[in-house]
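Counting begins at 1 with the first residue of the sequence.
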Amino acid sequence: MMLGILCLVLAYIAGSFPSGLVIGKTLYHTDPREYGSHNTGATNAYRVFGAAGGLLVLICDVAKGMLGVYLGQVASQMGLGSADTQIYFMIVGGLLAIIGHSCSIFLKFKGGKGVATGLGIILFLAPWETLIVFCVWAVIVALTRIVSLGSIVAAILVPITMYFFNEPLPLTIFGLLAALLVVVRHKDNIIRLLHGKELKVERIKKK
């Protein structure tokens, strides 16, 4: 049982890993928090580091979400649950990864918006819904160049697509909770969107 609890703790720690900061400091000798939206997420990494750096941070953040779900699955197998309750522990592991990404223990409980990490979670748990949601996100971003708008719409679509695909109720509820978390984390972005002042995904010219 203790190993199961340790797995859930590791899910939070894995989510907390500051991918953007580590990649920025190691490869670009730059702290992404000093530019753009001042966070370590993939979108701001693209603004600061370019496409290659942004993609690398995106892959790492998606991997954190998938790892969180996997650790939740292992926690269930380590005595915290049974085959019937395994889905709940996978969801808990995923949520802990999102919380870790958004409130990182390594960044004084600050972090990114949790979108890429959430993408990793639903990719693990609901791949077909992930494909639909990602396509919608990509179209919105391509047309508007505003990642936050695409992320908010995509997040809202997650529980809706899960419902229409007849996913298990716990998974659909998770989709709803994850969507709410993403929307809440984007509250400042929503205000800027309403006032037409939201940042577009463009490279920043560092001084």
Side-chain angles (χ1 to χ4, degrees), residues 9-68 71 93-123 134 137-138 140-142 144-155 178-207:
V9 173
L10 288 175
Y12 168 76
I13 294 174
S16 290
F17 179 73
S19 312
L21 180 61
V22 172
I23 290 170
K25 289 286 191 178
T26 303
L27 299 181
Y28 300 94
H29 308 292
T30 301
D31 186 339
R33 295 173 298 176
E34 296 177 357
Y35 304 93
S37 58
H38 305 289
N39 67 46
T40 60
T43 301
N44 204 46
Y46 169 81
R47 292 190 184 103
V48 181
F49 309 137
L55 179 61
L56 186 56
V57 173
L58 175 65
I59 291 171
C60 289
D61 287 350
V62 168
K64 292 193 297 186
M66 298 183 74
L67 180 58
L71 287 170
L95 282 173
L96 286 170
I98 288 183
I99 292 170
H101 178 77
S102 300
C103 305
S104 173
I105 193 173
F106 303 111
L107 299 174
K108 298 180 180 179
F109 299 101
K110 296 180 180 180
K113 300 293 173 58
V115 176
T117 305
L119 178 65
I121 295 167
I122 64 169
L123 179 61
F134 179 77
W137 174 88
I140 292 174
V141 174
T144 67
R145 306 295 294 172
I146 301 177
V147 173
S148 61
L149 178 61
S151 299
I152 293 166
V153 173
L180 287 173
L181 180 60
V182 169
V183 171
V184 169
R185 290 287 295 166
H186 281 82
K187 62 182 185 301
D188 293 335
N189 304 80
I190 293 172
I191 293 172
R192 289 194 294 269
L193 282 167
L194 292 174
H195 289 86
K197 297 180 179 179
E198 179 62 322
L199 289 174
K200 293 189 176 182
V201 58
E202 298 173 341
R203 286 298 310 279
I204 291 174
K205 294 181 180 179
K206 299 188 289 292
K207 297 180 180 179

Inset, instruction - Measure the spacing between CZ of Arg185 and CD1 of Ile98 and express it to the nearest 0.5 Å. - result: 11.0 Å

Inset, instruction - Taking the side chain as every heavy atom from C-beta outward, state whether Trp137 and Val153 have any pair of such atoms under 4.5 Å apart. - result: no

Inset, instruction - Quick one: closest heavy-atom pair of Ala155 and Ala179, and the distance? - result: O-CB, 3.1 Å

Legend entry - Thr30 side-chain N/O to Pro32 backbone N/O, donor-acceptor pair under 3.5 Å: no

Legend entry - Side-chain donor-acceptor contact under 3.5 Å, Asp61 with Thr117: no

Inset, instruction - Determine whether the side chains of His101 and Lys64 contain a donor N or O and an acceptor N or O closer than 3.5 Å. - result: yes

Legend entry - Side-chain heavy atoms of Phe49 within contact of Leu56, under 4.5 Å: no

Legend entry - Side-chain donor or acceptor of Asn44 paired with backbone N/O of Tyr35 under 3.5 Å: yes

Inset, instruction - Kindly indicate, with the supporting measurements, whether the criterion side-chain contact (heavy atoms from CB on, under 4.5 Å) is fulfilled by Thr43 and Ser37. - result: CA-CA 9 Å; Thr43 301; Ser37 58; over 6 Å; no

Legend entry - Minimal non-hydrogen separation, Gly68 against Ala97, with atom names: CA-CB, 4.1 Å

Inset, instruction - Working to the nearest 0.5 Å, report the span between CG of Leu21 and CG of Asn39. - result: 11.5 Å

Legend entry - His29 versus Thr26, closest heavy-atom pair with distance: CE1-O, 4.0 Å

Legend entry - Distance (rounded to the nearest 0.5 Å) between Ser148 OG and His186 NE2: 6.0 Å

Inset, instruction - Any chance you could measure Ile23, atom CD1, to Leu55, atom CG, to the nearest 0.5 Å? - result: 9.5 Å

Inset, instruction - List the steps, then state whether side-chain contact (heavy atoms from CB on, under 4.5 Å) holds for Leu149 with Glu198. - result: CA-CA 9 Å; Leu149 178 61; Glu198 179 62 322; over 6 Å; no

Inset, instruction - List the steps, then state whether side-chain contact (heavy atoms from CB on, under 4.5 Å) holds for Ile190 with Val183. - result: CA-CA 8 Å; Ile190 293 172; Val183 171; 4.0 Å; yes

Legend entry - Smallest separation among heavy atoms of Val22 and Phe17, with atom names: CG2-CZ, 3.8 Å

Inset, instruction - Search all heavy atoms of Ser19 against all heavy atoms of Cys60 and return the closest pair with its distance. - result: OG-CB, 3.6 Å

Legend entry - CG-CG distance between Leu119 and Leu58, expressed to the nearest 0.5 angstrom: 7.0 Å

Legend entry - Minimum heavy-atom distance Leu107-Pro18, with the two atoms named: CD1-CB, 3.9 Å

Legend entry - Trace of the side-chain contact (heavy atoms from CB on, under 4.5 Å) decision for Ile152 with Leu193: CA-CA 11 Å; Ile152 293 166; Leu193 282 167; 4.1 Å; yes

Legend entry - Pair Asn189, Lys113: side-chain N/O donor-acceptor within cut-off below 3.5 Å: yes

Inset, instruction - Assess whether atom CZ of Phe134 is packed by more than 12 heavy atoms of other residues, nucleotides or ligands within 6.0 Å. - result: no

Legend entry - Exam field: side chain Ser16 to backbone Ser104, donor-acceptor pair closer than 3.5 Å: no

Inset, instruction - Working to the nearest 0.5 Å, report the span between CD1 of Ile146 and OG of Ser151. - result: 11.0 Å

